[in-house]
Amino acid sequence: MADLQRIKGFADLFSPESDAFSFMEGVARATFAAYGYTELRIPVMEHTELFSRGIGTETDVVQKEMYTFPDRKGRSLTLRPEATAGVMRAYIEAARHNQEPVSKFFTYGPMFRYERPQKGRMRQFHQINCECIGAAEPLADAEVILMLMTFLKGIGLTGLSLEMNSLGCRQCRPAYNNALSAYLAAINPQDLCEDCRRRLSANPLRVLDCKVPACKERTKDAPVIAEHNCPACQEHFLVVLRILQEAGLPRTLNPRLVRGLDYYTRTTFEVVSTTIGAQASVAGGGRYDGLVAQLGGPDVPGVGFACGMERLALMLGQRDAPGLDFYLAVLDAAALETAMTVAQTLRENGKRGEVSFSAKSLKSQMRQASRLKAKQCLLLGGNELASGVVAVKDMESGEQKNVPLKAVAEALGSR
RNA sequence: GCGGACGUAGCUCAGUUGGCAGAGCACCUGGUUGUGGCCCAGGGGGUCGUGGGUUCAAUCCCCAUCGUUCGCCCCA
């Protein structure tokens with residue numbers, strides 16, 4: 001055990017795990033491009049205030065999970081715990097609303113939250129994020145959800161369930177909050193868990209989301225949020241649902257689906273897996289109509305989602321790494337430099353392969369060739385060098401033939 | 001922040017009522033003087049997570065600590 005080790009909750013990803021990540025990034029890039037999204041790369045650190053104002057000071061994320069520390073001049077900086085706030089900051093700072101009516105961005109990269117690590121939950125984790133800013137129409141909500149599901153299907157995942165809810169808007173949420181508060185006031189606080197007692201005053205909505213069985217039982221008859229939404233919100237949600245229905249996308253309504261970040265309004269959704277353990281939610285998102293204004297920008301609406309790449313990777317399964325086209329085995333030290341030249345020529349001809357850096361026994365060379373899953377093993381030793389050829393052995397059939405050094409590229413290409 | 005399980009070779013793990021630290025896989029070499037995946041033999045590799053304590057003696061028992069992991073909570 002080395003005395004210098006990686007930080008708790010931070011992972012090193014070797015192949016094939018790293019391959020799974022770049023695979024997902026590639027599919028994401030292609031999928032989102034088809035919907036007119038462009039990539040936005042934003043910093044991993046921001047001023048702390050961006051997150052406290054954007055995510056909500058009462059949220060667990062802000063209260064106890066952020067990596068926050070002063071820089072050398074004493075300013076409070078925070079490693080981003082999510083991407084949306086940063087995307088909005090960039091949008092505002094570049095005054096994108098003056099350039100285009102609707103902006104569509106995707107971004108991916110590491111996020112940081114100080115939590116106890118477990119399966120599907122790292123302190124440094126990776127999210128793929130999409131944000132559609134400037135469109136208030138329900139079509140935007142539907143498109144974002146369709147795009148997310150298309151992406152998940154694109155990486156080969158099925159059997160996921162899509163849960164949806166509508167949280168109302170700035171107009172109707174207060175009325176619902178009052179109704180909920182009144183309902184909760186009738187409950188003896190002693191019957192609720194400690195967290196919920198705090199939520200009663202801070203953010204009553206979160207009480208609905210509590211997983212403690214006793215709390216669930218106490219609040220099972222709580223007013224349903226969707227029934228208190230204003231007509232405009234109800235109509236909005238209906239249109240979203242109708243479009244998804246039309247597209248043949250199955251979903252379940254979950255009246256208790258309340259997101260943990262304060263900025264969500266109207267449509268919210270979450271994609272849940274049943275196979276990856278306790279941390280089952282692989283993607284989540286929704287509409288955030290007041291967020292940009294709250295961060296000091298123009299009052300423009302938005303909708304988007306984030307999905308957790310580690311959790312997706314858990315479901316992805318093993319993917320076979322592609323083998324090499326050739327492995328150049330060097331049997332004689334005198335042939336090493338010639339071998340490098342041959343290998344380089346092959347690579348310039350589009351072949352992927354490795355060359356042995358030192359002369360080794362044929363046995364270990366052949367072992368290495370099969371370990372690398374090379375299609376062909378080229379043998380170069382004293383005899384070959386003397387007669388100006390290289391032996392080309394097909395690893396599949398075992399057939400072997402001598403090829404002049406200058407014609408190796410053609411010989412490999414013709415097969 | 002809370003609870004459970006676990007830390008022994010590069011990997012997966014045995015182990016001893018406390019007495020010289022083991023196996024399989026992997027790696028290297030040889031059997032086979034230039035033909036792989038099988039077989040056989042040999043070899044390199046370890047402060048038994050770390051620090052204390054008990055003991056003639058601790059990898060083993062006790063305490064602490066760090067780490068890993070699963071769950072709670074939270075979230076993607």
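Lettering follows sequence order; numbering is per chain, from 1.
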Round to the nearest Å and state the distance from M315(A) atom CE to A76(B) atom P.
15 Å
Checking all strands, does L379(A) fall into the base, sugar-phosphate, or nothing category for heavy-atom contacts under 4.0 angstrom?
base
What contact category does R371(A) fall into here, base, sugar-phosphate, or nothing, at under 4.0 angstrom with non-hydrogen atoms?
sugar-phosphate
Considering Watson-Crick and G-U wobble pairs with both distances under 3.5 Å, what does U33(B) pair with?
none
Value in whole Å for how far the P atom of U69(B) lies from CZ of R6(A):
7 Å
In whole Å, measure the gap between the P atoms of G30(B) and G71(B) for me.
48 Å
Between U33(B) atom C1' and N383(A) atom CG, what is the distance in whole Å?
11 Å
What does F305(A) touch in the nucleic acid at a heavy-atom separation under 4.0 angstrom: a base, only the sugar-phosphate, or nothing?
nothing
Once you round it to whole Å, what is the distance between P of C74(B) and OH of Y67(A)?
20 Å
Between G4(B) and A64(B), how far apart are the two P atoms, rounded to whole Å?
13 Å
Just by modelled atom types, is the S273(A) backbone N or O under 3.5 Å from a matching donor or acceptor in the S161(A) side chain?
no
Which nucleotide, if any, forms a Watson-Crick or G-U wobble pair with G46(B), using both distances under 3.5 Å?
none
Roughly, in whole Å, what's the span from NZ in K64(A) to C1' in C2(B)?
11 Å
Give a yes or no answer on whether the side chain of K104(A) reaches the backbone of Y35(A) with a donor-acceptor pair at less than 3.5 Å.
yes
So what does K393(A) hit on the nucleic acid, given a heavy-atom distance under 4.0 Å: a base, only sugar-phosphate, or nothing?
base
Quick check: on RNA chain B, is the nucleotide nearest M122(A) upstream (toward 5') of the one nearest G398(A), or the reverse? Name the residue that is more 5'.
G398(A)
Could you tell me if R242(A) and Q245(A) have a donor-acceptor pair between their side chains, going purely by distance under 3.5 Å?
no
Mind calculating the distance between CZ (R121(A)) and P (C2(B)) to the nearest angstrom?
14 Å
What interatomic distance, in whole Å, is found between P of G52(B) and the corresponding atom of A57(B)?
15 Å
Measuring only the C1' atom in each nucleotide, how far is U16(B) from C72(B)? A whole number of Å is fine.
37 Å
For U29(B) and K363(A) - does any side-chain N or O of the residue sit under 4.0 Å from the phosphate oxygens OP1/OP2?
no
Which part of the nucleic acid, if any, lies within contact of M309(A), taking any heavy atom under 4.0 Å across all strands shown: a base, the sugar-phosphate backbone alone, or nothing?
nothing
Under-4.0 Å side-chain N/O to phosphate OP1/OP2 contact, Q118(A) with G71(B)
yes
Once you apply a heavy-atom cut-off of 4.0 Å, does N129(A) come out as touching a base, just sugar-phosphate, or nothing?
nothing
Regarding H236(A) and D141(A), is there a side-chain donor-to-acceptor distance under 3.5 Å anywhere?
yes
Are K401(A) and E399(A) ion-paired here, with the side-chain N under 4.0 Å from a carboxylate O?
no
Using a cut-off of 4.0 Å on non-hydrogen atoms, how would the nucleic acid contact of Q63(A) be classed: base, sugar-phosphate, or nothing?
nothing
Rounded to whole angstrom, note down the P distance from U17(B) over to C27(B).
36 Å
Do Y37(A) and F106(A) have ring centres separated by under 6.0 Å?
no
Using both distances under 3.5 Å as the test, list the Watson-Crick or G-U wobble partner of C72(B), or none.
G1(B)
Counting side-chain heavy atoms from C-beta on, which of G34(B), C72(B), A76(B) comes nearest to Q400(A)?
G34(B)
Interatomic distance at P, G46(B) relative to A41(B), whole Å
24 Å
Just by modelled atom types, is the H126(A) backbone N or O under 3.5 Å from a matching donor or acceptor in the E310(A) side chain?
yes
Whole-Å distance between G36(B) P and E399(A) CD?
16 Å
Going by purine N1 to pyrimidine N3 plus the second Watson-Crick contact, or the G-U wobble pair, all under 3.5 Å, which nucleotide sits opposite C6(B)?
G67(B)
Measure from CD on E384(A) to C1' on G34(B) and round the result to the nearest Å.
8 Å
Report the nucleotide, chosen from G34(B), G71(B), G30(B), that has the shortest atom-to-atom distance to any side-chain atom of S361(A).
G30(B)
Assign each of L362(A) and G120(A) the nucleotide of RNA chain B bearing its closest heavy atom; nearer the 5' end lies the nucleotide of L362(A)
Span that lies between the P atom of A21(B) and that of G49(B), in whole angstrom
14 Å
Categorize Q279(A) for me: base, sugar-phosphate, or nothing, with a 4.0 angstrom heavy-atom threshold over every strand shown.
base
Could a donor-acceptor pair under 3.5 angstrom be found where the side chain of R311(A) meets the base of C75(B)?
yes
Under 4.0 angstrom, heavy atoms only, what part of the nucleic acid is S364(A) near: base, sugar-phosphate, or nothing?
sugar-phosphate
Taking C74(B), G34(B), A76(B) as options, the one with an atom nearest any side-chain atom of A283(A) is A76(B)
Please answer whether the main-chain N or O of E46(A) pairs with a side-chain N or O of R80(A) as donor and acceptor at a distance below 3.5 Å.
no
Donor-acceptor check, side chain of E396(A) to backbone of K375(A), threshold 3.5 angstrom: yes or no?
no
Could you tell me how far U59(B) sits from G3(B) if I compare only their C1' atoms? Round to whole Å.
28 Å
Return the nucleotide paired to A21(B): Watson-Crick means purine N1 to pyrimidine N3 with N6-O4 or O6-N4, wobble means G-U with N1-O2 and O6-N3, both under 3.5 Å.
none
Would you mind classifying the nucleic acid contact of G277(A) as base, sugar-phosphate or nothing, using non-hydrogen atoms under 4.0 angstrom?
sugar-phosphate
Contact class for A306(A) vs. all strands (heavy atom < 4.0 Å): base, sugar-phosphate, or nothing?
sugar-phosphate
Nearest to the side chain of K119(A), which nucleotide is it out of G71(B), G34(B), A76(B)?
G71(B)
Does R116(A) put a side-chain nitrogen or oxygen below 4.0 Å from OP1 or OP2 of U69(B)?
no
A58(B): pairing nucleotide in any strand, Watson-Crick or G-U under 3.5 angstrom:
none
Starting the side chain at C-beta, find the nucleotide from C72(B), G34(B), U68(B) nearest to A278(A).
C72(B)
